[in-house]
Amino acid sequence: MGHNPEITRRILDWYGHNQRDLPWRHTRNPYNIWVSEIMLQQTRVDTVIPYYRRFLSRFPTIESLARAPLQDVLKVWENLGYYSRARHLHDAAKRVTSLMGGVIPKTWPELLALPGIGPYTGAAILSIAFDQQVAAVDANVRRVICRIFAVMERIDLPGVQKRIHGIATALIPPKEAARFNQGIMDFGATLCTPQNPACVSCPLQDLCLAFKRGCQSD
DNA sequence: CTCCTGCCAG
DNA sequence: CTGGCAGGAG
């Protein structure tokens, strides 16, 4: 579909020089990655960091989380908002511990069956923690791809979503899904932003169809 | 599909 | 103060 190794190369290269030093980037522990991804839903990186640290120091393993009373979990989650995320996380930890021997599943259907894990979070865990070749497509990735490939259709149409996902998948370099997914997300979060993207300093400027057409705001 | 949640920009 | 966002649930 949109297989373009040059785009991939430049994103990886950009990421190599510009990646943010975030606590969850120092681990591949699936439980830690999972906690970070749940917290990152609808919540900014800067807000999440202290909660992530505190949560993992209180509940360092999935078993310790599963064992804890919900009230304790909610207490650590206090003021982070979207408390159903904490309830679902706790619920899922109990299921994994009691039904799956405490091992976080490595397959799409098993992961998606856990509460709080949808298509995005499932793909993030599979790629970042388990090195599987799946695209983790969040709002940042959608925006970046729509710009580079000048996807002008309404982004909420299922067919368009499918096409974006196909492009994202085609861009993943062999064996590097973890780095690429995080790279393109960082790229969208810090450079190819919703408003006022930094096109002047963008390493993809000459390949970006939206820039070429002067419509990066659409 | 519609709804939900809190934050944050307008 | 309103409305848009964003990912998942129902």
Side-chain angles (χ1 to χ4, degrees), chain A residues 20 22 24 30-52 54-55 62 65 70-71 73-96 99 104-105 107-129 132 134-147 151-169 177-178 181-198 210 216-218:
Chain A
R20 295 173 288 180
L22 305 171
W24 45 89
Y31 169 66
N32 295 26
I33 298 297
W34 177 20
V35 170
S36 75
E37 289 299 341
I38 298 297
M39 287 185 170
L40 257 1
Q41 289 168 8
Q42 289 92 17
T43 308
R44 300 191 139 51
V45 163
D46 296 329
T47 308
V48 165
I49 290 173
Y51 281 89
Y52 171 82
R54 225 159 12 101
F55 193 93
I62 192 165
L65 176 59
L70 176 62
Q71 286 316 306
V73 180
L74 289 173
K75 187 68 188 167
V76 177
W77 206 274
E78 205 167 63
N79 296 316
L80 193 56
Y82 298 96
Y83 299 95
S84 62
R85 294 181 302 174
R87 298 172 184 278
H88 286 142
L89 181 59
H90 183 239
D91 192 8
K94 290 200 284 188
R95 288 201 213 179
V96 171
L99 271 39
I104 295 172
T107 70
W108 183 259
E110 289 179 296
L111 267 181
L112 275 272
L114 292 171
I117 300 185
Y120 164 73
T121 305
I125 292 171
L126 286 182
S127 62
I128 298 170
Q132 295 185 29
V134 295
V137 181
D138 71 350
N140 288 314
V141 176
R142 277 195 293 275
R143 181 178 59 258
V144 170
I145 287 176
C146 285
R147 282 180 176 156
V151 177
M152 304 303 287
E153 298 107 313
R154 288 186 43 164
I155 202 164
D156 51 318
L157 298 174
V160 177
Q161 301 259 6
K162 199 123 172 73
R163 197 170 134 227
I164 294 168
H165 193 274
I167 295 174
T169 303
N181 284 340
Q182 294 181 93
I184 190 169
M185 284 190 268
D186 251 28
F187 183 80
T190 65
L191 192 152
C192 194
T193 49
Q195 309 93 21
N196 308 316
Q216 56 282 131
S217 47
D218 299 342

Query raised in the report: In terms of side-chain heavy atoms of A:Gln42, which of B:dC8, C:dG8, C:dG7 is nearest?
Result: C:dG7
Query raised in the report: Where the side chain of A:Pro158 is concerned, which of B:dC1, C:dA9, B:dC8 is the nearest nucleotide?
Result: B:dC1
Query - A:Asn79 vs A:Tyr51, side chain to side chain contact (heavy atoms under 4.5 Å, CB included): CA-CA, chis, key distance, verdict - result: CA-CA 10 Å; A:Asn79 296 316; A:Tyr51 281 89; 3.3 Å; yes
Query raised in the report: Should A:Arg44 and A:Asp46 count as an ion pair when the cut-off is N to O under 4.0 Å?
Result: no
Query - Contacting residues from residues 137-144 of chain A, given that a heavy atom lies under 4.0 angstrom of DNA chain C - result: A:Asp138, A:Ala139, A:Arg142
Can you tell me how far [atom2] of [N] sits from [atom1] of [X], to the nearest Å?
X: A:Ile117; N: C:dA9; atom1: CD1; atom2: P; value: 9 Å
X: A:Arg154; N: C:dG4; atom1: CZ; atom2: C1'; value: 14 Å
X: A:Arg87; N: C:dG8; atom1: CZ; atom2: C1'; value: 16 Å
X: A:Tyr83; N: B:dC7; atom1: OH; atom2: C1'; value: 12 Å
X: A:Arg85; N: C:dA9; atom1: CZ; atom2: P; value: 13 Å

Query raised in the report: With no hydrogens and no angle check, do the side chains of A:Tyr120 and A:Glu37 hold a donor and an acceptor under 3.5 Å apart?
Result: yes
Requested in this report: Step by step, work out the side chain to side chain contact (heavy atoms under 4.5 Å, CB included) result for A:Ile164 and A:Cys146.
Outcome: CA-CA 7 Å; A:Ile164 294 168; A:Cys146 285; 3.5 Å; yes
Query raised in the report: Is A:Tyr82 side chain donor-acceptor paired with the B:dG6 base, going by distance under 3.5 Å alone?
Result: yes
**Report entry** OP1 or OP2 of C:dA9 under 4.0 Å from side-chain N/O of A:Ser84
**Finding:** no
